[in-house]
Peer 1: 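My questions will all concern the structure given below.
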Amino acid sequence: MRTLTDDIKNHVGDVVSVEGWLHKKRLLGGLTFINVRDRRGLVQVVLEDKDEVEKLRGMQVGTVLKVEGKAVEEPRAPGGAELHEAKLEVLVPVTDEPPIEIDKPLSHKPDNLDTLFDYRVLGLRNLQEQKVFKIRSAVLREIRRYLTENDFTEIQTPKIVAGAAEGGAEVFKLDYFGKEASLAQSPQLYKQIMVGAFERVFEIGPAFRAELSATTRHVSEVTMLDIEMSFVDHDQVLETIQNLTYDVLSKIYEEFAAELKSLNAPELKITEKFPRYTVEQVHELYSKANKADTTGEKDLTPDEERWICDYAKKNDGSEAVFVTSFPKEFHKFYQKMADDGTVQTADLLFRGIEIATCPMREHRYEKLVEQMKEKGIDPKHPGFKYYLQAFQYGLPPHGGCGYGIDRLVEKTIGLGNVKEAILFPRDLGRLTP
RNA sequence: GGGCUCGUAGUGAAGAGGCCUAUCACGCCUCCCUGUCACGGAGGAGAUCGCCGGUUCGAAUCCGGUCGGGCCCGCCA
């Protein structure tokens, strides 16, 4: 029976069998140490028998092994236990030298990211690299837990859609059995439709953006958390997103304290209530503190996003901040306007970057059709027929958010590029691996 | 789409007109080493300095082009 590496210490005195990958060899003459990696981590194996050591001659890191040995308590060993009198069996011999080293931290310098992604298949065997994706997995687990506990239903909506129904961002076009289709840039329309059935829904899935953006925060395939909830006002929407974010971040920083520290993640500074600033306030504060005048600008500049997060961290004790009251130039046809002429939407910023956009939707059928016409969108377009049906037959006031999972993971860990938080990132130039 | 940058062994770096027959670290190969854990020691192999052209007595180094990265802006998550 197979014993996992982190379980060796519970079998002291027994002969156990471990299966995994050769992770590191250290030959000291009459004594050889090897590390074997499995899904739980590493175990040290001590080899004194020359014949056993000889089995590893020419075998490179990555060789798949079965090791049978006696579990021994040993304070000098990593983890406090190791295997002695080991018998090796090479299950999959590997004689090719790996192109990168996996037992040392991989370079995450911007200039070297290309190498990191080219050799992703092997790089992910690096324990340090794995931590990023263990944390990502846990972030998704906590999001699902929180939303499920709060009565949300998880849904999946089509990623092949008819035309560019939403307008706005560039889409990837594809040939769908002779019809023109595109990859969904957001589940926007579908999740609104689903509010008519389940009241509260969320989806975690890919969204495809064909924009020619080459920055540290853009990829063309992004993992989005989409939330939509009904019978609420804008404040309640923001509260939900705030509580979700607070809850997830707090739990991750508790559960992964050691991993985050070893990845040089910053200390988490966050408050239960996130500070809120209007776009206008940010422009004023920023212009006052910097040698710049952004008061005429509509949107926040990337530098303002970074600055306001720093400001909120110092003044409000929170690295997460809401920016509200976007000018009407930002209005999308499905969003609700506020009485003061601004759009009822807010951006959630965390550690200097936009993590989520959180608007109220226009739920009144006639008003929605009117807003579509104002934006030059034809409500009769077949792409909108079923969407509008949901409104025609009754949709309550609702709102939600599009929440960037990749950016959240990136910033939670304190990485410098969103692509580092993605297993196999897709950008302007990268389609493999 | 606009601007700015960078390409040197498998990997990460140094070299910025002649000191280069290109340096270092890790990895790899051979040997030594009984408590290593970024093991240590001795030796060795491995690079037409991204590619093409130009300037020059002489180019990894300067110039032009080209290909491939990166960063910023715009746009967004």
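Residue numbers start from 1 in every chain, and the chains themselves are labelled A, B, ... in the order their sequence lines are given, proteins ahead of strands. The model shown is predicted, which means the values in this text are computed figures rather than measured ones.
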Peer 1: Would you kindly say whether A:His84 and A:Glu82 are connected by a side-chain donor-acceptor distance under 3.5 Å?
Peer 2: yes

Peer 1: Taking B:G27 as the reference, what is the distance to B:G12 when you measure between their C1' atoms (whole Å, please)?
Peer 2: 11 Å

Peer 1: Starting the side chain at C-beta, find the nucleotide from B:U11, B:C73, B:C76 nearest to A:Tyr119.
Peer 2: B:U11

Peer 1: What nucleic acid atoms does A:Ala207 come within less than 4.0 Å of, heavy atoms only: base, sugar-phosphate, or nothing?
Peer 2: nothing

Peer 1: Give one of base, sugar-phosphate or nothing for A:Thr223, where a contact means two heavy atoms less than 4.0 Å apart.
Peer 2: nothing

Peer 1: Give the rounded distance in Å between these two atoms: NE2 of A:His108 and P of B:C71.
Peer 2: 13 Å

Peer 1: Mind checking the C1' distance from B:U23 to B:G15? Whole angstroms is fine.
Peer 2: 7 Å

Peer 1: Taking atom P in both B:A60 and B:G54, what distance in whole Å separates the two?
Peer 2: 15 Å

Peer 1: Counting only Watson-Crick or G-U wobble pairs whose two distances fall under 3.5 Å, which nucleotide matches B:C62?
Peer 2: B:G54

Peer 1: Check A:Arg217 with A:Asp406, please: is the shortest side-chain N to carboxylate O separation under 4.0 Å?
Peer 2: no

Peer 1: Please pick, from B:C28, B:U36, B:C75, the nucleotide with the shortest atom-to-atom distance to any side-chain atom of A:Gln60.
Peer 2: B:C28

Peer 1: Distance check, C1' atoms only: B:C62 and B:U55, in whole angstrom units.
Peer 2: 8 Å

Peer 1: Once you apply a heavy-atom cut-off of 4.0 Å, does A:His84 come out as touching a base, just sugar-phosphate, or nothing?
Peer 2: base

Peer 1: Contact class for A:Leu212 vs. all strands (heavy atom < 4.0 Å): base, sugar-phosphate, or nothing?
Peer 2: base

Peer 1: From B:G35, B:A38, B:C73, pick the nucleotide closest to the side chain of A:Pro302?
Peer 2: B:C73

Peer 1: With no hydrogens and no angle check, just 3.5 Å: does a side-chain donor-acceptor pair link A:His363 and A:Lys336?
Peer 2: yes

Peer 1: Go through it in stages, so that I can follow the logic: the residues are A:Phe350 and A:Tyr403, the test is ring-ring contact (aromatic ring centres under 6.0 Å, His included), and I'd like the CA-CA distance, side-chain angles, deciding distance and then a yes or no.
Peer 2: CA-CA 12 Å; A:Phe350 177 56; A:Tyr403 199 123; 9.5 Å; no

Peer 1: Consider the side chain of A:Glu97, meaning its heavy atoms from C-beta on, and name the nucleotide among B:C76, B:C72, B:C28 that approaches it most closely.
Peer 2: B:C28

Peer 1: Regarding B:C71, can its base be found pairing with the side chain of A:Thr216 as donor and acceptor, where the two atoms are less than 3.5 Å apart?
Peer 2: no

Peer 1: Considering only B:G10, B:C75, B:G70, which nucleotide approaches the side chain of A:Asp111 most closely?
Peer 2: B:G70

Peer 1: Of all the choices, B:C76, B:G35, B:C37, which nucleotide is nearest to the side chain of A:Pro78 once you look at every atom?
Peer 2: B:C37

Peer 1: On the side chain of A:Arg217, is there an atom forming a donor-acceptor pair with the base of B:A77 - under 3.5 Å, no angle test?
Peer 2: no

Peer 1: What distance, rounded to whole Å, do you find between the two C1' atoms, one in B:G50 and one in B:G41?
Peer 2: 38 Å

Peer 1: So what's B:U30 paired with, Watson-Crick or G-U wobble, going by both distances under 3.5 Å?
Peer 2: B:A42

Peer 1: Which part of the nucleic acid, if any, lies within reach of A:Pro105 when heavy atoms closer than 4.0 Å are counted: base, sugar-phosphate only, or nothing?
Peer 2: nothing

Peer 1: Of the nucleotides B:G10, B:A38, B:U11, which one has an atom closest to the side chain of A:Pro99?
Peer 2: B:G10

Peer 1: From the options B:U36, B:G27, B:C71, select the nucleotide whose nearest atom is closest to the side chain of A:Leu113.
Peer 2: B:C71

Peer 1: Distance check: side-chain N/O of A:Arg57 vs OP1/OP2 of B:C28, anything under 4.0 Å?
Peer 2: no

Peer 1: Base, sugar-phosphate or nothing for A:Pro110? Non-hydrogen atoms, less than 4.0 Å.
Peer 2: sugar-phosphate

Peer 1: Looking at A:Lys24, I'd like to know whether one of its side-chain N or O atoms comes within less than 4.0 Å of OP1 or OP2 on B:C39.
Peer 2: yes

Peer 1: B:A25 and B:C32: how far apart are their C1' atoms, nearest whole angstrom?
Peer 2: 22 Å

Peer 1: When you compare the side chains of A:Asn112 and A:His108, does any donor N or O come within less than 3.5 Å of an acceptor on the partner?
Peer 2: no

Peer 1: If only side-chain N and O atoms count, and only distance matters, is there a donor-acceptor pair under 3.5 Å linking A:Gln192 with A:His398?
Peer 2: yes

Peer 1: Is there a donor N/O on one and an acceptor N/O on the other, under 3.5 Å, for the side chain of A:Glu82 and the base of B:G35?
Peer 2: yes

Peer 1: Is any side-chain N or O of A:Asn112 closer than 4.0 Å to OP1 or OP2 of B:G69?
Peer 2: no

Peer 1: With a 4.0 Å cut-off on heavy atoms, is A:Asn417 in touch with a base, just the backbone sugar-phosphate, or nothing at all?
Peer 2: sugar-phosphate

Peer 1: With rounding to the closest Å, how many angstrom separate the P atoms on B:C24 and B:A9?
Peer 2: 15 Å

Peer 1: Tell me the partner of B:A25, counting only Watson-Crick (N1-N3 plus N6-O4 or O6-N4) or G-U wobble (N1-O2 and O6-N3) with both under 3.5 Å; none if nothing fits.
Peer 2: B:U11

Peer 1: Regarding A:Glu259 and A:Lys131, does a basic nitrogen lie under 4.0 Å from an acidic carboxylate oxygen?
Peer 2: no

Peer 1: When rounded to the nearest Å, what value does the distance between P atoms of B:A16 and B:A42 take?
Peer 2: 29 Å

